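To start, the structure itself, in structure tokens.
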Amino acid sequence: MNFTPEKKQLTIDFEPGLIERHRNLRDCIGAGIYRRGLSTCAIDLNESPGNLSNQLSDESQRKFGVDEFELYLEKTQDYTPIYYLMAKFLHKPEVENSAALQALPEAMAALQALMKKAGLA
């Protein structure tokens with residue numbers, strides 16, 4: 001027996017200015033951490049506040065890694081960094097045009113079926 005997952009439509013409202021407000025992903029994550037409180041987030045991420053602060057700084061050799069990023073998302077439920085990445089890399093005219101072109105055949109078929117039901121075709 002095969003179960004096929006339901007198709008779900010993902011609608012995303014981009015928060016205006018994310019790309020303008022943050023220099024990079026680390027800056028976006030740092031803003032979320034400092035907004036919630038460095039000490040609180042450090043505990044959630046199993047780091048000392050000083051170590052976490054160093055990971056988020058530009059000068060440090062230790063950087064905030066992918067594993068820490070996943071843990072941050074899991075613990076805080078703050079998806080702003082993901083929205084930042086989406087706004088930076090996916091919210092581009094060529095990506096939107098490509099998505100629209102891919103959806104066009106299905107939309108045209110649905111439109112033709114509706115026109116036929118309405119007696120217009």
Side-chain angles (χ1 to χ4, degrees):
M1 184 179 292
N2 285 341
F3 292 101
T4 57
E6 265 183 56
K7 286 185 178 181
K8 294 185 179 181
Q9 177 67 40
L10 177 64
T11 304
I12 299 172
D13 292 326
F14 291 101
E15 187 177 332
L18 274 178
I19 297 171
E20 292 78 20
R21 256 184 294 168
H22 303 291
R23 293 174 312 190
N24 52 38
L25 179 61
R26 193 170 18 125
D27 183 57
C28 183
I29 295 167
I33 287 174
Y34 285 108
R35 186 173 46 250
R36 283 171 181 66
L38 180 65
S39 297
T40 301
C41 284
I43 291 168
D44 288 342
L45 299 174
N46 299 319
E47 293 284 347
S48 71
N51 220 11
L52 182 56
S53 180
N54 281 336
Q55 288 177 8
L56 295 170
S57 76
D58 289 333
E59 289 81 38
S60 176
Q61 293 297 322
R62 279 201 74 206
K63 297 295 180 194
F64 196 80
V66 175
D67 293 334
E68 290 86 6
F69 179 52
E70 284 188 39
L71 187 58
Y72 171 78
L73 294 172
E74 183 182 311
K75 294 289 185 174
T76 64
Q77 304 290 303
D78 173 22
Y79 303 117
T80 306
I82 293 174
Y83 301 143
Y84 166 84
L85 289 173
M86 292 171 68
K88 184 172 181 175
F89 295 107
L90 297 180
H91 196 61
K92 296 182 177 179
E94 61 270 12
V95 174
E96 291 175 6
N97 290 346
S98 175
L101 287 173
Q102 288 178 352
L104 200 52
E106 188 177 324
M108 290 299 292
L111 181 60
Q112 287 176 338
L114 283 173
M115 288 177 69
K116 192 173 185 177
K117 270 186 174 179
L120 299 173

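Computed from heavy atoms alone, side chains included, the values below leave out hydrogens, waters and symmetry copies. Note that the coordinates shown come from a computational prediction; the quantities given were computed from them, not determined experimentally.
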Query raised in the report: Where the side chain of Lys116 meets the backbone of Leu111, is there a donor-acceptor pair that is under 3.5 Å apart?
Result: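 Not a single qualifying donor-acceptor pair exists.
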
Requested in this report: Give a yes or no on whether the backbone of Gly65 and the side-chain of Glu68 come within a donor-acceptor separation of less than 3.5 Å.
Outcome: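 Yes, Glu68 side chain to Gly65 backbone: donor-acceptor pair under 3.5 Å.
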
Report task. Could you name each residue pair satisfying salt bridge (Lys or Arg N to Asp or Glu O under 4.0 Å) that touches residues 37-46, not counting sequence neighbours? Result ->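 Sorted pair list comes back empty.
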
Report task. Under the salt bridge (Lys or Arg N to Asp or Glu O under 4.0 Å) rule, collect the residues that match up with Asp67, sequence neighbours excluded. Result ->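 Asp67: no salt bridge (Lys or Arg N to Asp or Glu O under 4.0 Å) contacts found.
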
Query raised in the report: Among Thr80, Leu25, Leu18, Leu90, whose side chain to side chain contact (heavy atoms under 4.5 Å, CB included) with Leu85 holds?
Result: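 When side chain to side chain contact (heavy atoms under 4.5 Å, CB included) is applied between Leu85 and each of Thr80, Leu25, Leu18, Leu90, only Leu25 qualifies.
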
Kindly compute the distance separating [atom1] ([X]) from [atom2] ([Y]), expressed to the nearest 0.5 Å.
X     : Y     : atom1 : atom2 : value
Leu45 : Thr76 : CG    : OG1   : 8.0 Å
Gln61 : Asn54 : CD    : CG    : 10.5 Å
Ile29 : Leu52 : CD1   : CG    : 10.0 Å

Requested in this report: Could you list the residues that satisfy side chain to side chain contact (heavy atoms under 4.5 Å, CB included) with Leu73, not counting sequence neighbours?
Outcome: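 Residues passing side chain to side chain contact (heavy atoms under 4.5 Å, CB included) with Leu73: Phe69, Tyr79, Ile82.
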
Requested in this report: Sequence neighbours left out, what passes side chain to side chain contact (heavy atoms under 4.5 Å, CB included) with Arg62? Give chain and number order.
Outcome: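 Side chain to side chain contact (heavy atoms under 4.5 Å, CB included) check on Arg62 returns Glu47, Asn51, Gln55, Ser60.
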
Query raised in the report: Do the charged groups of Arg23 and Asp58 touch, with an N to O distance under 4.0 Å?
Result: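 A salt bridge is present here (some side-chain N lies under 4.0 Å from a carboxylate O).
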
Query raised in the report: Is Leu114 reachable from Met108 through a run of I, L, V, M, F, W or Y residues, each pair having side-chain heavy atoms under 4.5 Å apart?
Result: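 Per the 4.5 Å side-chain linkage, Met108 and Leu114 are not co-clustered.
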
Requested in this report: Please check if Phe89 and Tyr83 belong to a single hydrophobic cluster, counting links between Ile, Leu, Val, Met, Phe, Trp and Tyr side chain heavy atoms closer than 4.5 Å.
Outcome: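 Yes, one cluster joins them.
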
Query raised in the report: How close do Glu74 and Gln77 get, heavy atom to heavy atom, and via which atoms?
Result: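 Looks like O-NE2, 2.8 Å.
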
Query raised in the report: Any idea which heavy atoms bring Tyr84 and Ile19 closest together, and the distance?
Result: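 Reported closest heavy-atom pair: CE1-CA, 4.0 Å.
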
Query raised in the report: Considering only heavy atoms from C-beta outward, does the side chain of Tyr72 approach that of Pro81 to under 4.5 Å?
Result: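 Heavy-atom side-chain distance check passes, below 4.5 Å.
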
Show the atom names and distances, to 0.1 Å, of all donor-acceptor pairs under 3.5 Å that link a side chain in residues 31-43 to residues at least two apart or in another chain.
unit_1: Tyr34; atom_1: OH; unit_2: Ser53; atom_2: OG; d: 3.2
unit_1: Arg36; atom_1: NH1; unit_2: Gly32; atom_2: O; d: 3.1
unit_1: Arg36; atom_1: NH1; unit_2: Asp78; atom_2: OD2; d: 3.4

